[in-house]
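Contents: one structure, followed by commentary.
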Amino acid sequence: MSLSTARSFLSEAGYGEQELDANSALMELDKGLRSGKLGEQCEAVVLFPKLFQKYPFPILINSAFLKLADIFRLGNNFLRLCVLKVTQQSEKHLEKILNVDEFVKRVFSVIHSNDPVARAITLRMLGSLATIIPERKNAHHSVHQSLDSHDNVEVEAAIFASAFSMWSMLSAQILIPMLQHMHHNASLASSSRELLQQLVTSYPSTPMVIVTLHTFTQLAASSLIDIPKQLQLLLQYLKEDPRKAVKRLAIQDLKLLAKKAPHLWNRDNTQTLCECALSSPYNSLKLGMLSVLSTLSGTIAIKQYFNPGTGGASAPPRLTDLVKLVQECCYHSNLAVAAHGVTVLANIAISCPEKDMMQLEQDTVMGLESLLVLCSQDDSPRAQATLKTALTSLVQLLKSRPHLSQSAVEFLLCQLHLARDPSRVLMCHALAAIATQLPVLGEGMLGDLVDLYRVASHSSTDKQQELLVSLATVVFVASQSSLSAEVKTVIKQQLENVANGWTVYCIARQASRMGCHEFSSELYQSLRTRVASEHFYFWLNSLKEFSQAEQCLNGLEDGDYSAAMTAIAEALRSYQKGIASLTAASTPLSPLSYQCDFVKLRIDTLQGLSQLICTCNSLKTSPPPAIATTIALTSGNELQRCGRIAMQMRVSMDEFRSLAARYADLYQSSFDADSATLRNVELQQQSCLLVSHVIEALILDPHSASFQDYGTLGSVQTESEYERRMMSVFNHVLEEVEGLSRKHPPVSYLHTGCLCDAVIALLKVPLSFQRYFFQKLQSTSIKLALSPSPRTPTEPIPVQNNQQLTLKVEGVVQHGSTPGLFRKIQSVCLNVSSSLQSKTGGPEYKIPLDSNTNEIEQRVEPHNDYFSTQFLLNFSILGSHMVNVEASVVDESGIEWKTGPKTTVSVKSLEDPYAQQLRHNQQQQQQAQQVSCLVEFPVTVY
């Protein structure tokens, strides 16, 4: 019987035709499967669905599928595709397979093939068999692994398998979250989104909807193009789905998208969210929706809500659902809801300057004040968190609306007398921030603060001690670096009565930060004998000397250059004493490297400024000679008109540029510093650059000097009193120099006087010692290990000159108690370089310059704070080489920080033994030839 016979009896039998039994039909198809012709094999495979339809017996179906599994395992990809189609067409008969383990074993063996198409067909086969293998871990693992494949066909097959394997909740939990990573290209992201859309519609159970929706959101956040659609989908579930778990998941994902892409939220999205919040009877859900609105209110989304653009009528702000919602929530019984309400209302008042904003501002201030009164009388953590949120919103509002500041400050000062101690600390922080933004308010609040300080503390509890520090900080900010005798007396009395040593140190530290150096020097002086370690003694002594040095510069007056020279000399004397104490205070565990570098730079800067004043005075003591003009015309150098002062000014300009470069190096090495400390270092660098630019603009090259790069200094938003005063000095100096350089040619007493006035103006600003000088809140260090490593530190690593050395660099990133507080490590940059130390004897070859040294750089991303990479180094020149390995880190913004460490290893390049033997043989042969030549042609001596 042939295959055509089998085809005929599997079809509908005609009248009078004899039907064959199932075994005969299966035998005929089996003959076709074992045929040597591909066409007959394929024809036999495609006839199996008819066999199952005509004879749906479990024994026959089990035997038939086992035979198909053998064909799938041993055949080519076309046969596998035919078997896949048969399996998909016979889906209702799969449950009749009795030998499931054997069937899956034969099919699964193809997943280990090197052919990605074969693996893709196998994945689709596994997906089609999901009804009978829902809990097979090896199948789940294969699908999970294939989702990371580089072959698009295999990835699409894995996505297909994921869709058809959702019969198991376990597989759903494992496979669906993997789809969030399918955003390598637009088509892959689109197909993944379509699959997720089918899943969330087909499987409406709560766990499946939660997993699928969250994966949906992660995929949209990574691909970016589908965020508007995802917002609509989440808002639809939030509005229509009655399950609280689904609503909470929708709120969580909405907040994620609010942080990721607030600019993609249109007015309809925000309006829908407001309507849901207004209609929700549950405080927990309302709190979540308000947190989303709080995130959006500080972004451009709030402006898009009130200004929908062309075609949309913008309603007055007070009539919108958003304002109605937050006004209602400002006085909610739940403190967290009220905190979000006042935050959104304050951000609306900041972002939307409209005609009727006056009433909205008043509503915002009333809501903030009522919440502040309520929370200031409660010591619970929830109330304190709410109070901190409300005070932050108040400070931001006053920064944008300064005309509200006076009444707000009076309200806070009144509440300070009535509030609890934890609330007083937070209010002091807010008052310090307000006084920093608006220095004119400082003098008005100083009297109330001093009166409050007299009665502030009656015990030595921790909160009372913290309150003393916070109040003193506000007093320092309000005094603007000039404390009166009365204020000093009041603070000292309180410190003597109830303050402990740590509180005194914190207040002295704040005084150094705010520029009150005379007061801080007295406090450091009193603390020196109250410590139990000599390292602490030297640390406090160095701080006292630094404060005294800066105090010497506070009394400078404009135009008194000799007094300035004397003050700088006294300051340098104290700084030299301080740096000696600071060096003695350092330990191996606390090397104080930043502090030493900063102080050394300050000393060099003062010395440079002193030398600049001396150079300016040299115009009086050593003016240009009478023939200076003739020398300038003869040589063609206009600077010869100025005499010897020109060369001295050039040296001074180069010195200040070098100081600016050193400040830049200090900035790059301070990865763990806070932003205020980095800004302080940047200001020191800018002051050095300013001095060098003024020297160039006034004396060395007045014609080509440009002031356009410094034109935006006045518009920079300052964050501290020290920064504001420094920027003011920068602008004033630039204006004076620009006006003088246009009116008078160099060099005259006007030019040197302008330079000296600029120096005095810079010195009159009290130096601010920022937080990183005293305290390191973030600690990050890297430890490197090199292999191969020498047995002893002095022993070099031997390597043959015709081979390359494989240098493996391993490292561990170590963190302190608060990792990533200011910035996080994105990658580690490793730079490997080598240099020839000494050259040994050997053959002289013409070696390319590229092979003389090694200079390689690699970036490695640490995993669980561990990284490893390898370098191939070439040492073709015989001798001793020094290999330097330097590590630096790259943060999330792409900025590189020179954190170190630097490690060196010595390498000795040796000659290849085989080449050495050949060279010796050649030398022996040459010597033998010379001897034979002497024998054949003897030299005759006459």
I'd like to know if [X] and [Y] make a salt bridge, using a cut-off of under 4.0 Å between side-chain N and carboxylate O.
X	Y	answer
R602	E550	yes
E696	R657	yes
R724	E721	yes

ask   = Is there a side chain to side chain donor-acceptor pair (under 3.5 Å) between T677 and N680 once you walk through the steps?
value = CA-CA 5 Å; T677 301; N680 189 16; over 6 Å; no

query = Do you know which of D891, L678, I895 makes side chain to side chain contact (heavy atoms under 4.5 Å, CB included) with F671?
reply = D891

key: Option passing side chain to side chain contact (heavy atoms under 4.5 Å, CB included) with L553 (candidates L606, I760, V765)   = L606

query = What is the distance from atom CG of D604 to atom NZ of K600, rounded to the nearest 0.5 Å?
reply = 9.5 Å

Using a 3.5 Å distance criterion without hydrogens, assess whether the side chain of [X] forms a donor-acceptor pair with backbone atoms of [Y].
X	Y	value
S652	M649	no
S574	Q548	no
S222	Q218	yes
R823	A673	yes
Q804	L872	no
S586	T583	yes
T587	S590	yes
S787	S789	no
Q858	Q870	yes
T436	A432	yes

Parallel, tilted or perpendicular, judged at 30° and 60°: which one describes the rings of [X] and [Y]?
X	Y	result
Y505	W502	tilted
Y667	W897	parallel
F769	F598	perpendicular

ask   = Regarding T899 and S888, is there a side-chain donor-to-acceptor distance under 3.5 Å anywhere?
value = no

query = Got V691 and L612 here, is their nearest side-chain heavy-atom distance under 4.5 Å?
reply = yes

query = Checking side chain to side chain contact (heavy atoms under 4.5 Å, CB included) for the pair L527/R530: CA distance, chi angles, key distance, verdict?
reply = CA-CA 5 Å; L527 284 172; R530 298 171 63 180; 4.1 Å; yes

ask   = What do the steps show when you test S835 against Q837 for side chain to side chain donor-acceptor pair (under 3.5 Å), and what is the final call?
value = CA-CA 6 Å; S835 59; Q837 300 296 312; 3.0 Å; yes

query = So does F774 have more than 12 non-hydrogen atoms from other groups sitting under 6.0 Å from CZ?
reply = yes

task = Begin with the C-alpha distance, continue with both residues' side-chain angles, and end with the deciding distance and a verdict on side chain to side chain contact (heavy atoms under 4.5 Å, CB included) for L784 and F867.
result = CA-CA 10 Å; L784 296 180; F867 60 90; 3.7 Å; yes

inquiry  = With side chain to side chain donor-acceptor pair (under 3.5 Å) as the criterion, how do T529 and Y537 come out once you've worked through the C-alpha distance, each side chain's angles and the decisive distance to 0.1 Å?
reply    = CA-CA 7 Å; T529 56; Y537 171 82; over 6 Å; no

request  = Could you give me the CA-CA distance, side-chain angles and deciding distance for Y866 and E810, then say whether side chain to side chain donor-acceptor pair (under 3.5 Å) is met?
outcome  = CA-CA 8 Å; Y866 170 80; E810 298 176 284; 2.7 Å; yes

